[in-house]
Structure formats: C-alpha cells, structure tokens
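Within every chain, numbering begins at 1; the chains are lettered A, B, ... in the order of the sequence lines, protein sequences first and strands thereafter. Not measured: the values here are computed from a predicted model.
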Number of protein chains: 2
Amino acid sequence: MTPHDPAQLIERLTRVLQNEAHAGGLKPTQWEALRYLARANRFSRTPSALTAYLGTTKGTVSQTVMALERKGLITKVSAPSDRRQVDLALTAAGRSLLEEDPYEHLSQSWAQLDGQAQEQLSESLALLLQEMLRRRKGRPFGVCRSCKFFRANAEGNGRHRCALLNQALTEADSALICVEQEPAG
Amino acid sequence: MTPHDPAQLIERLTRVLQNEAHAGGLKPTQWEALRYLARANRFSRTPSALTAYLGTTKGTVSQTVMALERKGLITKVSAPSDRRQVDLALTAAGRSLLEEDPYEHLSQSWAQLDGQAQEQLSESLALLLQEMLRRRKGRPFGVCRSCKFFRANAEGNGRHRCALLNQALTEADSALICVEQEPAG
DNA sequence: CTCCTTTAGTATCGACTCGATACTTTCGAT
DNA sequence: ATCGAAAGTATCGAGTCGATACTAAAGGAG
C-alpha cells in the first residue's frame, strides 16, 4: 500500500511536522532559528550564519531575529571584534522553551521503531540529505569535530584548534554546529 | 559524524525542500495543493478534503484555492449533488506545471541511492509517518484500494465498490488518494 | 591617509500562509 | 417549517519570504 517512492512520504511527514511547529507561541521558522542557535558554536551564532542555515535572505532573518528578541528568547550583542556583526545568544527563557520543542514528537515516534528500523532510517536519511545538499551546493552545517580544518588536541591539554579561523577550541566547541564546516576527506 | 537521532536530519531536509518549493511562481503550500489535487479521487477534490490534508483551516485553504484559480491552474465548479460543495480540478496548465514540480529533485536524489538504501528508507519512513499520524490522530490519506471499505470487483467487469459511500469505482479511481480512506485491517 | 569596495544588518513593500472569528448558503433531520 | 450542522467565503493581525534600497563598519589599494 505504501508508495515505493518516498518523496510522497517525506512530503506528508513534512506537512504534519510543520503543523505541529505552530505550538508554544512560535512559528515554525522561529523554532528552527531557536534550535539552530542552541546548537551553533560561537563563530556561527550570527544573523549571517542563520541566513545561510535557513536558506533565506538577510531581510527575513532580521525580522525573525527581532521577533525572538521581542519575545525575550534571545539577546543581541554587537560583536567586539567586528562591530558590524551581531552575536546572538539564547536567554534562560529561550533555553527553557526549547524543552517544549514540538520536534520532540518526531524523536519520540522514532524511538518507537525497532532497533533495525531506527538504524536504517538514520543511515539512509543521512545519505539522502547529503545527496540533496550536493545538488544544491548548500553548506552542510556539520559539527566542528568532523571538519577538515579541525586539529584535534593541537593546543594540548585536550584543547583543539580550528585551522581555518586560527582559534582555540574547547571540547564543548567541537561538538557544535559551524557555518564554516567542511567534511573531512 | 551523523547525529544518531534522525530528527535533525529530517529538520534539515525539510528546510532544504521548503526552499526549493518556491520555484515556478508558486509557494510551497500551493505546490502541495496542486500535487494533492492531481492524486486525489473524485470524493476528495474539495476544499474540505484539502483542508484536512494540509492540516490547516478552511479560511487559509480558501485563499490558496483562489490563488491557484487566479493563476489558471485549477477550476472551481459547484458540485451538482450538493451545492455547498465545490469540485476542484486541475487545468491543462496545472497538469503541465506539475512536470516542473521541485519535489522531483527529491525523487532524483533518492534514485541515486543504492537499492538497499532505497528500500530501507521507504520502509522505515512509512513506519515513522504511521507512528506520527497515530499520535496526531490525523487521517492517513491512503489510496482507495488499501481501504477497509474497498470491495474489489464487487460490481463485476473489473469495477469495484466503495462500501462507505456506496459508489462504483473504476480501476483508475482505486489508485487515487481518498479523504475517507481507512487502512484495511 | 583617503577613496573604494565588500560585508553585516536594517527598513520597507507586496504577495502569501496561517489561526481566529464572523458570516452566508445549503442540506438534512426533526 | 424550523433548527442545527456543514461547506465555503470574508476579513484581521502576525509572520514568512523575495526583492530592493539603505546604513555602518571593515579592509584594501593607491
């Protein structure tokens, strides 16, 4: 009964998910921005990076960011190193709201599947996404540690290094999403 | 490197897809409505059914439908049996525009995967969607033939029957999506 | 050091989605 | 004949989104 082509399944899943993402007084895009900021490293918590992540335009992101700030979920601070940039950070309220993330339902449903189905889904989905991004030439937004510029323990004492930005990285840094990330060969 | 939880993968895939769905002068929702109408059977090509499918409200769907009509992609005809209802139908232009459906990229990317990954993805995704819908208590919108009210060949001569609506069904009907569909036990 | 270009963000417009509410028309059941 | 439910439409406000125009700061090149 299930269509062989998963495009229809993904289309349907996407729609169900988008409907759920109107909870908690936020819009789907606002949830996505909030999630991103919670997972992005310090080089990547700017409106520019968010623009690249969401794949829209500066103007739209500017509005979304203003809405989140108005709701008290994030703060905007002009970057000391470059005063054109704005550092975005989650407030305590923002972090606590994320615990009601409607996407948790998705993880819960996934958790209901048996072990083999879970494994299969994760693997095949990763391949599909990779293929989509390859076509689109979009940035992968992977975690720091898997980047080709990541130099493990290059600073000693368990401190790593980014060979692109020439910055020291903590263990915590290396687990976060980075705009500049390029998968290691 | 890939997160074990596929929620992030699906979130990302969804976003990439939504960005692509702004092509051809249509909005993502308009594409979805067009796709639905192309695949829905005659009991299901109404604003009500479309509302249930999209999971939004009557008002929103009314606007989307008006936009598609304005663009010459669908026609609206008051139903003869019940004059409250409106029958929606794709025009030739609508059908031809669907050949440029941005979701084709998704099918193409899927086609790039090897046979096993394709199989795994379809199966696991179907399970996940089923689980999501079970939680949401949303209608599955499956094809007519897989419904518990479907009576194969009940009219003879390869004509089938819907035991819910008491209507004869052609072979073509039975392959289409139905609002009333409930999976056979 | 001054021009000039690039980069980061904001401001604003128009089209659209979306939830919510109020309304009209039609059907059906009592 | 009446009343209530169902199918759509109309309209409002908030938000997304692309597009364009704008400001301010940084980084050269001379």
Side-chain angles (χ1 to χ4, degrees), chain A residues 14-34 36 43-71 73-88 102 179-180, chain B residues 14-34 36 43-71 73-88 102 179-180:
Chain A
T14 291
R15 173 50 67 164
V16 171
L17 244 32
Q18 216 215 357
N19 291 149
E20 301 219 342
H22 280 273
L26 294 193
K27 302 283 178 176
T29 299
Q30 296 174 346
W31 276 114
E32 268 198 277
L34 210 58
Y36 172 78
F43 312 124
S44 312
R45 290 189 288 254
T46 66
S48 293
L50 186 53
T51 298
Y53 181 80
L54 295 178
T56 62
T57 55
K58 298 186 293 181
T60 301
V61 168
S62 186
Q63 300 228 66
T64 299
V65 164
M66 283 190 292
L68 290 175
E69 192 191 20
R70 219 182 311 128
K71 291 170 198 276
L73 303 173
I74 64 173
T75 56
K76 291 168 62 178
V77 177
S78 172
S81 58
D82 184 337
R83 276 182 308 179
R84 288 173 305 181
Q85 287 185 19
V86 172
D87 276 342
L88 304 173
V179 223
E180 307 289 357
Chain B
T14 292
R15 172 51 65 163
V16 170
L17 245 31
Q18 215 215 0
N19 292 149
E20 300 217 342
H22 279 275
L26 295 191
K27 302 284 177 177
T29 299
Q30 296 174 345
W31 276 114
E32 267 195 278
L34 210 58
Y36 171 79
F43 313 124
S44 312
R45 289 189 289 254
T46 66
S48 294
L50 186 53
T51 298
Y53 182 79
L54 295 177
T56 63
T57 55
K58 298 187 293 183
T60 301
V61 168
S62 186
Q63 300 231 67
T64 299
V65 164
M66 284 190 293
L68 289 175
E69 192 190 22
R70 219 181 311 128
K71 291 170 199 276
L73 302 173
I74 63 173
T75 56
K76 291 167 62 178
V77 177
S78 172
S81 57
D82 183 338
R83 274 182 308 178
R84 289 174 302 181
Q85 286 183 18
V86 172
D87 276 342
L88 305 173
V179 225
E180 308 287 358

> Rounded to whole angstroms, how far apart are CG on A:Asp82 and P on D:dG27?
Replying inline: 6 Å
> Rounded to the nearest 0.5 Å, what separation is found between the CG atom of A:Leu88 and the NZ atom of A:Lys76?
Replying inline: 7.5 Å
> Would you say B:Thr29 reaches C:dC18's phosphate, i.e. side-chain N/O to OP1/OP2 under 4.0 Å?
Replying inline: yes
> Is there a donor-acceptor contact under 3.5 Å linking the side chains of A:Arg15 and B:Thr56?
Replying inline: no
> Atom OH of B:Tyr53 and atom P of C:dT17: how far apart are they, to the nearest Å?
Replying inline: 16 Å
>> Between the base of C:dG9 and the side chain of A:Lys58, is one N or O donor paired with an acceptor at under 3.5 angstrom?
In response: yes
>> So, OP1 or OP2 of C:dC16: does either fall under 4.0 Å of a side-chain N or O from B:Thr64?
In response: no
>> With a 4.0 Å cutoff (strictly under), does any side-chain N or O of A:Gln18 reach OP1 or OP2 of C:dC18?
In response: yes
> Over how many whole Å does the gap from B:Gln85 atom CD to D:dA6 atom P extend?
Replying inline: 13 Å
>> If I take atom CD1 from residue B:Ile74 and atom CD from residue B:Gln30, how far apart are they, to the nearest 0.5 angstrom?
In response: 9.5 Å
>> Please tell me if B:Gln30 has a side-chain N or O lying less than 4.0 Å from either OP1 or OP2 of C:dA15.
In response: no
>> Taking 4.0 Å as the cut-off, does a side-chain nitrogen or oxygen of B:Arg70 come that near to OP1 or OP2 on C:dC16?
In response: yes
> Once you round it to whole Å, what is the distance between P of C:dA20 and NE2 of A:His22?
Replying inline: 10 Å
> Measuring from B:Thr64:OG1 to B:Glu32:CD, what's the distance to the nearest 0.5 Å?
Replying inline: 10.5 Å
>> Measure CG/A:Leu68 against C1'/C:dT10 and give the value in whole Å, please.
In response: 16 Å
>> If you go through the side-chain atoms of B:Arg84, does one of them form a donor-acceptor pair with the base of C:dT25 closer than 3.5 Å?
In response: no
> For A:Glu20 and C:dG19, what is the distance between atoms CD and C1' respectively, to the nearest whole Å?
Replying inline: 16 Å
>> Is A:Arg83 close enough to C:dA8 that one of its side-chain N or O atoms is under 4.0 Å from OP1 or OP2 there?
In response: no
> Over how many whole Å does the gap from A:Asn19 atom CG to C:dT17 atom P extend?
Replying inline: 14 Å
> Does B:Ser48 have a side-chain nitrogen or oxygen under 4.0 Å from the phosphate oxygens OP1 or OP2 of D:dG8?
Replying inline: yes
>> Under 4.0 Å, heavy atoms only, any strand: does A:Thr56 hit a base, just the sugar-phosphate, or nothing?
In response: sugar-phosphate
> Which distance, rounded to the nearest 0.5 Å, do you find between the CG of B:Leu68 and the CE of B:Met66?
Replying inline: 11.0 Å
> What is the distance from atom CG of B:Asp87 to atom CZ of B:Phe43, rounded to the nearest 0.5 Å?
Replying inline: 11.0 Å
>> On DNA chain C, does the nearest nucleotide to A:Val65 precede the nearest nucleotide to A:Arg15 from the 5' side, or the other way round? Give the residue.
In response: A:Val65
> CD of B:Gln63 versus P of C:dA20: gap in Å, rounded?
Replying inline: 16 Å
> Below 4.0 angstrom from OP1 or OP2 of C:dC18, is there any side-chain N or O of B:Lys27?
Replying inline: no
> Under 4.0 Å: is that the gap between some side-chain N or O of B:Ser62 and OP1 or OP2 of D:dT9?
Replying inline: yes
> When you match A:Gly59 and A:Pro80 each to their closest nucleotide on DNA chain D, which lands nearer the 5' end?
Replying inline: A:Gly59
>> It should be established whether B:Lys76 places a side-chain nitrogen or oxygen under 4.0 Å from OP1 or OP2 of nucleotide D:dT9.
In response: yes
